[in-house]
Amino acid sequence: MSAAATPPGNFPLRSRTGTASWHLSKRAVDLTQEHIARLTELQAVMMMAEANWGSTTQMPCVHCGTVDVHYWSKEQLRWKCKCCGKRFSATSGTGLADHKLPLKKIFQIALSWSNGASGMPALQLRRDWGVAYNTVFTLLHRFREGLVRSFNVGMLAGTHEMDGMDVNGRRYREKRNKPLGGKAAAGSGPKIPEFLLKPKDGEEVVGPPTPPKWGKAAKQPIDRRLIIAMVQRGESAGLGSAATRIAISKTESRVSVTTMATRHASAESVMMTDEDPSYAAFGALFAQHETINHSVGYSKPGGISNNLAESLNSRLRRGAEGIYLNQSGKYTHDYSVEQAWRSDYRRTPTGKRFLSLLRYACAAGMSMWWRGFFQGKHRDHELLLEGNQPAKGRGKRKGWKPRPPR
Ligand SMILES: [Zn+2]
């Protein structure tokens, strides 16, 4: 139905871009758990080698870097270097090095996790695949580290949309004056706001009041973080964004957004943002800077809008508030980059998306943050635009013991 034919009072229907038919088509699913379950351990190693080096015969030695057709040991499922004589496996030197789980199990968990639209909790994977929570938790974080260090890097090109979004933390005042339950005696308890009561027949529905607008000057909770996202518009109209970059900041300041923008955009870039004053320097830094005032409209003529960045925000919000629940400020960067990767690979067949995950885990090299995590080796800093800051974990202190029963 065209916009002109829409009856008055209704929103025009969105034009169809083929998302549903793509997801329902045969080509959307080219790898399933059944395929992985049928793999032999040898086939799994070869799949890993293909993801790591793009070849199952010729590869660089992990120890000395010599590229050759190295000696293959069928018993050990490892290679022996023709130059230095040392041995290496398909995961040596990658983010999955020193894995304890069989490779096939890792693949099964990785495929499950990569198929989730907004992610999948480690606890659910632990139930599905019968492995320890700690094992799944660190495995997923090793994948996230791969994404942080090899996916969320590099320049974008063309037209970019940029926006900031608050996550974590809660101003307790926002929860004030909300009824907690019906236990209080009539008249003595909190008064239930009008908009929560069912209207009588024929009575007009009263909507909730507009929540108070909190300015930037308002005191923020200590664990509040700002996700700043930059989205590159795709070339095909209607197919959404093509690439995404993420960074975390404590405030949406001129310094933080400019740092983010110059990290991933070039002088030839066209920038689209909202009218926040922190973006004021963009006009001088980039080829073109267009702004959109959301209190006036969602788009302006000439394709000026920030809607792809807003759509990413909703993905980030779904991940933070619907799947990972209570993600810590320290790892918000990691969780947000995961959502950016999910967004960029949303129209990729399952097998290709799964392989991309393995490739990113390989490209980043050995894990810097998750080897020995449960022996107490934790990343001691939070990744922030203002510069990395020391951050403690939220777990129990070293030497913590449960209180003895009385
Ligand atoms: Zn070697």
Side-chain angles (χ1 to χ4, degrees), residues 31 35-36 38-111 113-114 131 134-155 334 337-338 341 345 351-381 383 388:
L31 183 78
H35 288 125
I36 292 183
R38 279 201 296 267
L39 292 180
T40 61
E41 201 58 16
L42 172 69
Q43 285 169 324
V45 167
M46 288 308 162
M47 207 166 159
M48 190 69 215
E50 187 68 41
N52 192 2
W53 302 301
S55 163
T56 54
T57 48
Q58 198 175 30
M59 67 279 295
C61 164
V62 176
H63 308 283
C64 68
T66 309
V67 180
D68 207 330
V69 181
H70 298 292
Y71 304 115
W72 165 249
S73 162
K74 213 175 173 182
E75 291 73 39
Q76 297 187 354
L77 298 177
R78 290 197 298 173
W79 288 267
K80 186 182 168 189
C81 177
K82 274 189 179 171
C83 179
C84 71
K86 289 183 184 163
R87 291 172 195 275
F88 57 91
S89 74
T91 56
S92 296
T94 73
L96 298 176
D98 313 322
H99 62 92
K100 309 285 187 295
L101 284 179
L103 213 44
K104 221 165 107 173
K105 194 79 158 193
I106 292 180
F107 286 179
Q108 285 172 319
I109 296 173
L111 180 64
W113 188 67
S114 69
V131 284
N134 292 0
T135 312
V136 187
F137 177 82
T138 44
L139 178 66
L140 298 189
H141 266 300
R142 277 165 184 253
F143 283 128
R144 285 188 196 106
E145 180 181 349
L147 296 175
V148 166
R149 290 169 50 205
S150 45
F151 161 79
N152 193 42
V153 291
M155 306 293 276
D334 309 52
V337 170
E338 177 201 329
W341 167 76
Y345 282 80
K352 286 211 176 71
R353 186 166 50 221
F354 165 79
L355 269 183
S356 89
L357 190 62
L358 293 188
R359 286 206 181 103
Y360 285 124
C362 291
M366 296 271 270
S367 171
M368 299 197 298
W369 303 325
W370 299 96
R371 286 163 73 223
F373 182 81
F374 283 100
Q375 286 74 48
K377 285 183 209 154
H378 293 194
R379 188 169 87 197
D380 58 2
H381 56 278
L383 310 170
N388 296 343

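Read the numbers this way: they start at 1 and go in the same order the structure lists the ligands and their atoms. What you see below is based on every heavy atom in this structure, not just the backbone, and it leaves out hydrogens, waters and symmetry mates.
For C362 against N52, the heavy-atom pair with the smallest separation is CB-OD1, 3.5 Å.
Counted within 6.0 Å of NZ on K82, heavy atoms from surrounding residues, nucleotides or ligands total more than 12; the atom is thus considered enclosed.
The set of protein atoms (N, O or S) found at less than 2.8 Å from the Zn ion (ligand 1) reads C61 SG, C64 SG, C81 SG, C84 SG, by chain and number.
Between F373 and H141, the ring center distance fails the sub-6.0 Å criterion.
Annotation: cation-pi geometry not satisfied between R142 and W370 (NZ/CZ under 6.0 angstrom from ring centroid, within 45° of ring axis).
A donor-acceptor contact closer than 3.5 angstrom is absent between the side chains of W79 and S92.
The aromatic rings of F143 and W113 sit parallel, their planes meeting at an angle under 30°, below the 60° perpendicular limit.
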